[in-house]
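See below for the structure under consideration.
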Amino acid sequence: MKPRHRRALFIIGALIAIGVAALLILNALNSNIALYVTPSDVANGKAPQSQTFRIGGLVKSGSLRRDGITVHFVVTDLVKDIPVSYTGILPDLFKEGKGAVVQGRLNQDGEFVASEVLAKHDENYMPPEAKHALEQAQKQEVQK
């Protein structure tokens, strides 16, 4: 085989390897992206059905119920409420009436099955997405 043919095969092989590596990296990044959706958007059917996403808002007072290690509660943006179930240990700062962001999927019954629960870390902090969603919900409520 001539040297230029060998070089051409080497370049083609390198391009294929780079393409496969880029495809694998993009696939991994896409599977780790979790979109943020408000409880109002979930209630209106705007939530992605086939992928994991996050919802955030306030944990509705009086909604926290434990069933063994499964916890049921409601996340609200003060306009719409979304029932959530989570199996596992909740963060120490998780409380009713406080902000939280949950990551997971909707099941067939319309309940959000969380795989991860994030709670705020002090009295003044609320995740930016949740704060924006609550502000928008309050504006809509005032306009009605």
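Values below: every heavy atom of this structure, side chains too, minus hydrogens, waters and symmetry copies.
In terms of heavy-atom proximity, Ala114 sits nearest to Val84 at CB-CG1, 4.0 Å. Listed here is the closest heavy atom pair of Ser40 and Asp77: OG-OD2, 2.6 Å. For the residue pair Val59 and Lys95, the shortest heavy atom distance occurs at CB-O, 3.6 Å. Residues Leu93 and Ala119 approach most closely at C-CB, 3.9 Å, considering heavy atoms. Taking all atoms of both residues into account, the shortest heavy-atom contact from Glu111 to Ser85 is OE2-CB, 3.5 Å.
Heavy atoms from other residues, nucleotides or ligands lying under 6.0 Å from CZ of Arg6 number more than 12. Under a cut-off of 6.0 angstrom, the local environment of CD1 in Ile89 is sparse, with at most 12 non-hydrogen atoms contributed by other residues, nucleotides or ligands. Counted within 6.0 Å of CG on Asn107, heavy atoms from surrounding residues, nucleotides or ligands total more than 12; the atom is thus considered enclosed.
Considering only heavy atoms from C-beta on, Val37 comes within 4.5 Å of Pro48 through its side chain.
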**Study point:** Val42 and Leu106: CA distance, side-chain angles, deciding distance, side chain to side chain contact (heavy atoms under 4.5 Å, CB included) verdict
**Key:** CA-CA 9 Å; Val42 173; Leu106 282 176; 3.9 Å; yes
Review point. Which is it for Arg66 and Leu90 under the side chain to side chain contact (heavy atoms under 4.5 Å, CB included) test, yes or no, and what are the steps along the way?
Key: CA-CA 11 Å; Arg66 296 184 187 273; Leu90 290 170; 4.1 Å; yes
Exercise for review: Could you walk me through whether Leu58 and Leu78 pass the side chain to side chain contact (heavy atoms under 4.5 Å, CB included) test, one step at a time?
Suggested key: CA-CA 8 Å; Leu58 298 175; Leu78 304 178; 4.0 Å; yes
Point to revise | Residues Phe94, Phe73; criterion ring-ring contact (aromatic ring centres under 6.0 Å, His included); working and verdict | key: CA-CA 11 Å; Phe94 183 86; Phe73 56 94; 4.8 Å; yes
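Note that OG of Ser63 is 11.5 Å distant from NE2 of His72, once rounded to the nearest 0.5 Å. How far CD of Gln103 is from OH of Tyr86: 11.0 Å, rounded to the nearest 0.5 Å.
Val71 and Val113 fall into different hydrophobic clusters, where Ile, Leu, Val, Met, Phe, Trp and Tyr residues are linked whenever their side-chain heavy atoms come under 4.5 Å apart, directly or through other members.
Membership of an apolar cluster is not assigned to Ile18, as no side-chain contact below 4.5 Å to another ILVMFWY residue is traced.
One side chain, Asp41 or Thr38, offers a donor N or O that lies under 3.5 Å from an acceptor on the other.
With sequence neighbours left out, Phe53 forms a ring pair (Phe, Tyr, Trp, His ring centres under 6.0 Å) with Phe112. Among residues two or more places apart in sequence or in another chain, the salt bridge (charged side-chain N to carboxylate O under 4.0 Å, His left out) test is passed with Asp81 by Lys60.
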